[in-house]
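Below is one structure, written out as structure tokens, with a few remarks after it.
Quick caveat: nothing in here was measured; it's all calculated off a predicted structure.
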Amino acid sequence: KAATAEEKIMREGTRIESRPVEVRQEADRVAIYLGGSSTPLIALENLAMQRILRSILDDPTNKNWTVTGTVTEFQGRNFFLLERVSRAAN
């Protein structure tokens, strides 16, 4: 779904460094919620996303992570290329 007028699209190439996030499984994808945002960044498929997805499948309460990566944009929606992921302290 494309962003609505009240949702702000992040610019392609925006870097996110060591940021605490909440992750949720949405179908076979991982949605990344930055603090206070109701619009997720959808994780692009790679090994880092696979690591998060496996952890979520093993423990659905395992939602807090720290991520580093780059925001991409496609058809009015943001995606996120994960580079580094680690579980955040609860």
Side-chain angles (χ1 to χ4, degrees):
K1 119 184 169 178
T4 62
E6 65 270 1
E7 296 170 338
K8 184 172 165 71
I9 297 295
M10 296 175 76
R11 291 187 68 169
E12 173 99 16
T14 299
R15 292 284 303 160
I16 294 177
E17 298 280 345
S18 300
R19 177 112 177 240
V21 298
E22 181 178 318
V23 297
R24 299 180 199 154
Q25 179 183 1
E26 294 186 359
D28 61 346
R29 311 287 302 262
V30 171
I32 299 170
Y33 291 85
L34 302 176
S37 176
S38 62
T39 304
L41 300 172
I42 302 302
L44 295 172
E45 289 85 352
N46 67 3
L47 290 175
M49 188 275 252
Q50 182 177 315
R51 178 177 174 210
I52 292 174
L53 185 58
R54 278 189 189 155
S55 292
I56 293 171
L57 293 173
D58 288 344
D59 180 5
T61 64
N62 186 20
K63 297 179 182 178
N64 299 313
W65 289 76
T66 300
V67 300
T68 294
T70 304
V71 174
T72 65
E73 183 182 346
F74 181 73
Q75 294 188 341
R77 189 163 189 197
N78 282 136
F79 295 85
F80 191 60
L81 179 58
L82 292 161
E83 295 171 11
R84 286 191 311 264
V85 299
S86 61
R87 288 184 180 167
N90 290 333

Path from F80 to L53 over hydrophobic side-chain contacts below 4.5 Å: yes
Separation between CG (N78) and NZ (K8), nearest 0.5 Å, reads 10.0 Å
Apply side-chain hydrogen bond (donor to acceptor under 3.5 Å, both in side chains) to Q50 and list each qualifying residue two or more places apart in sequence or on a separate chain. none
For D58, check side-chain contact (heavy atoms from CB on, under 4.5 Å) against everything at least two apart and list the hits. none
Which residues share a side-chain hydrogen bond (donor to acceptor under 3.5 Å, both in side chains) with R51, sequence neighbours left out: none
Minimal non-hydrogen separation, V23 against I56, with atom names: CG2-CD1, 3.8 Å
On a heavy-atom basis, which atom in I32 and which in A43 lie closest, and how many Å separate them? CD1-CB, 4.0 Å
R24 and E26 ion-paired at < 4.0 Å: no
Does one hydrophobic cluster hold both L57 and M49, with members joined at side-chain heavy-atom distances below 4.5 Å? yes
May I have all residue pairs that pass salt bridge (Lys or Arg N to Asp or Glu O under 4.0 Å) and include part of residues 33-42, sequence neighbours excluded? none
Going by side-chain contact (heavy atoms from CB on, under 4.5 Å), name the residues that satisfy it together with R15, two or more places apart in sequence or in a different chain. E17, T68, T70, E83
Quick check: closest heavy atoms across A88 and T66, and the distance to 0.1 Å? CB-OG1, 3.8 Å
Determine, using the 4.5 Å side-chain heavy-atom cutoff (strictly less than), whether V21 and I16 are members of one ILVMFWY cluster. yes
side-chain contact (heavy atoms from CB on, under 4.5 Å) involving A48 - partner list, sequence neighbours excluded: N46, L82, V85
I need the single residue from I52, L41, L44 that forms a side-chain contact (heavy atoms from CB on, under 4.5 Å) with V30. Which is it? I52
Got a sec, which residues hit side-chain hydrogen bond (donor to acceptor under 3.5 Å, both in side chains) with R87, two or more places apart in sequence or on another chain? S55
Which heavy atom in P40 sits nearest to a heavy atom in Y33, and how many Å separate them? CB-CZ, 3.6 Å
Nearest atoms (heavy-atom pairs only) where G35 meets R19: N-NH2, 4.1 Å
Applying side-chain hydrogen bond (donor to acceptor under 3.5 Å, both in side chains) to E12 and not counting sequence neighbours gives none
Using the rule that Ile, Leu, Val, Met, Phe, Trp and Tyr join whenever any side-chain heavy atoms are under 4.5 Å apart, tell me whether M10 and V67 fall into a single cluster. yes
Could you give all pairs that pass the salt bridge (Lys or Arg N to Asp or Glu O under 4.0 Å) test and reach residues 30-50, with sequence neighbours left out? R29-E45
Applying salt bridge (Lys or Arg N to Asp or Glu O under 4.0 Å), which residue pairs with at least one partner in residues 65-75 are found, sequence neighbours left out? none
